[in-house]
Amino acid sequence: MASGEPSKYVTLVSGDGFEFVVLREATKVSPIISGMIDPRSGFAEARDARCVFQEISSPVLDKVVEYFHYWYQYRDNDDVPDMDIPVEICLELLAAADYLGLDQATMNTRQWS
Amino acid sequence: MARPRRNQSASGSNDNDGQNQTVNGNDGSNGARNSRPTRNITGPQSALTDFLASHNISARQIRDDADRRRQAVAQQNSSETNGTSNANDDPTPAPLPPARVARRQSTRDEGEQETPEKLAQKEKALAKIKASKAFKKRKKDADEESDFDDDEIARAIFNERHAPLPGQMENCEICDKRFTVTPYSVQGPNGGLLCAPCGRQIAKERQGEKPKKKAPRRQTAGIGSRRAAQSRLLDGSVGTLSLATLCVQTLAKNVELAESLGDLPEHLVDKIARIFSKRRLLSPDTLPLFLQPSTQTIHIYDGAKLGEQELISIFQIAPGLKHFKARCVVQFKDEVMDYVLSRDTSMESFYLHGANLLSEDKLHEFLRAQGSYLRNLQIYYTDKHVGDETIGVVREHCPNLKRLKIEHNQKMTDKGVKALANVTCLEHLGLHLDNSPSSPAIRKAVSGSGPNLKTLSLSIVPNADDSVLDAIHMTCRSLSKLRITESHLMTDDGFAALFTGWQNPPLTFIDLEKCRYVSAMQPRQNDDLVGLCSNGFKALMAHSGPRLRYLNVHACRNISREAFEEVFDGDSTYPELRRLKISFCEEVTDYLLSCIVRSCPNIKEVNVFGCMKVRDVRVPRGIILVGVPNAQGMITEGKH
């Protein structure tokens, strides 16, 4: 992330118009979103720090955002409780997760000395 | 007094302290016997109690009377001397008779008229309580919640301290019924104790008001959590699971609610199929989830619950099936194959695992009829059904075959392996035969399709020697995956020669598991350098290192520490290496692992089972180290 980045937050908008403000760091788990808001990309999304997902409904995006924070909270832990997924939106959420590239087993990047 | 009194035979015979205790322990049972016919289960009781009980004399009654007399005397004394023996500041009520007397007195007093002396005495006790630590603490808590009167708090503490001990009888504060006090008896609104039914009701009401305590900590670790953590480690998942995985797991838990998977992409359907099979959920009921008329690919990872009819239904529903993969399908019998033959299918991939009831003739019939479409043919665990003749049929009728895998096969012999030389179109060849093939047969097979081969997998070939390596060196030019396991004849020189000056581009996958020297007589001496040793390993890494993604040198125990350290010296990097299996290599140390981490920037998983020199290694986050030989397991270090 460039050092001169103004906002620590990005706004995700669902198809039915709900807006979710999320910590930018937490969205890094999704390669799609981090690609969209990468300042070097020059996309409109990166300029406004605002991504609109027409295909994703608000309950699903709500859960996705919850996952972002879940991931962000536990990213340095090994022993992690599983997040609860409501059964009703399971399949929609699965499709959304696939769309956002959230299907790698571990998306941990790492540094070592 | 609310106690029923039957025996008036009060005697001072139980002054003995020990006797007193025993009698006390049986209070509850005696009381219960008085009120209802059923006997409680009680602890041992003294012979005297037994005897008295048989004469319908209650030991408890005797003691109660004695207590009362003693207490009357004590009260007299205290009122004379203004002593405060009753208002004992001891936070735990002493189980001595005088204290108990006072307690009973006080609870009884609640409902009775209080004499002036008693009141004065109680006032004193309350004053003392107000000065105590417990009071201050309670007051502090109370102040936070609501404004309680000081007196009220003091009174509550007073009552609490003087509540009857478990095992004693008491009258319920609400319904006035007699009951046995237990450690779980609930306190009533006025400080007295409640019987079980009233207590439950009160507890329910209180819970409705507000939770007394904080909600219990959410349990992340519990019974079996360590095992579960290790299991996840072996599955390669540490830390947060991906959202897709979480969804698939939820789906698997609620499979009965799902009607159709909709139009999910193929890789997700495959992922679901895998998890379903892992949990043994694939049954005749769930199979339709994966079947649509347009389905071209079906992967059944565990078809043990599917019957003949379900297997037939796959081909009925999806006539355009191109890729069929079914593991553990015992019911794939001749009848199913008959149905397949009756349909106009054109399968490109046919993968059958564990179908040992399918006869060889039917399989040949299938190959003759539809072999021309086949590109991949994989047959596992067929007992004695796929043999040398099958290779002949394949050669004749499958001109487009690219991938042939025959594994766990008991029938095929050297003759069939040699016949493979005539199937020149193959690009991927995998053999795992129980009649382990000889070197000449393998040489012949390799020489036939050698130049095109991309995959060569020879599992458990104890009889293969250096000449096989030589044949590979001479003929293979486009190999990317090589597996030779459990050869007991190949030598270090052979491996070194294979990887030195080989015109094949670097490999991406090498598995030389258990190519090692085994001797019961002289286990430590390997003078002839049998198996993959230092030179072979160095040559391997020099040849394939830049492209290698997967390396398995499991149990190649003669690779020296110097060779490892030379290969992973930090200067040469192996950017593609993801998984490294160096289990049972004796010379792997903590230092070497840190070298590996430095040399392989993309390494994800290292297996070090049985590397006893690995002791206290800190693993950078993101790398999975499996099989650390201590109870603690992998210790991760660092952050993102």
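Below, chain A is the first sequence line, B the second, and so on; all start at residue 1.
- Annotation: Arg279(B), atom CZ; neighbour count of heavy atoms from other residues, nucleotides and ligands within 6.0 Å is above 12.
- Partners of Lys278(B) according to the salt bridge (Lys or Arg N to Asp or Glu O under 4.0 Å) rule, which considers only residues two or more places apart in sequence or in another chain, are Asp235(B).
- Contacts of Leu251(B) with chain A are made by both backbone and side-chain atoms, with heavy-atom separations under 4.5 Å.
- Looking at Asn254(B) and Cys90(A), their side chains never come closer than 4.5 Å, going by heavy atoms from C-beta outward.
- In this structure the side chain of Leu243(B) reaches within 4.5 angstrom of the side chain of Met83(A), judged on heavy atoms.
- Expressed to the nearest 0.5 Å, how far CH2 of Trp71(A) lies from OG1 of Thr240(B) amounts to 7.5 Å.
- Closest approach of Leu241(B) and Tyr67(A) over heavy atoms only: O-OH, 2.6 Å.
- Heavy-atom contacts from other residues, nucleotides or ligands closer than 6.0 Å to CD of Glu266(B) number 12 or fewer.
- Residue Leu246(B) touches chain A through both its backbone and its side chain, counting heavy-atom pairs closer than 4.5 Å.
- Other residues, nucleotides and ligands contribute at most 12 non-hydrogen atoms within 6.0 Å of the CZ atom of Arg547(B).
- To the nearest 0.5 Å, the span separating CD1 on Ile85(A) from SG on Cys247(B) amounts to 4.5 Å.
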| message | side-chain contact (heavy atoms from CB on, under 4.5 Å) for Gln249(B) and Asp82(A)? Distances and angles first, verdict last. | response | CA-CA 10 Å; Gln249(B) 283 178 353; Asp82(A) 282 351; 3.8 Å; yes
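- The two atoms that bring Arg621(B) and Arg75(A) nearest to each other are CD-O, 4.2 Å, heavy atoms only.
- The environment of Tyr301(B) atom OH is dense: over 12 non-hydrogen atoms of other residues, nucleotides or ligands sit within 6.0 angstrom.
- For Glu513(B), there are no salt bridge (Lys or Arg N to Asp or Glu O under 4.0 Å) partners, not counting sequence neighbours.
- Leu94(A) contributes atom CG, which lies 8.5 Å from atom CG of Leu261(B) (distance to the nearest 0.5 angstrom).
- Ranked by non-hydrogen atom pairs under 4.5 Å with chain B, the options Asp98(A), Leu91(A), Leu93(A) are led by Asp98(A).
- No more than 12 heavy atoms of other residues, nucleotides or ligands lie within 6.0 Å of CD in Glu259(B), so this atom counts as exposed by the packing criterion.
- Looking only at side-chain heavy atoms (C-beta outward), Glu88(A) and Leu257(B) stay at 4.5 Å or farther from each other.
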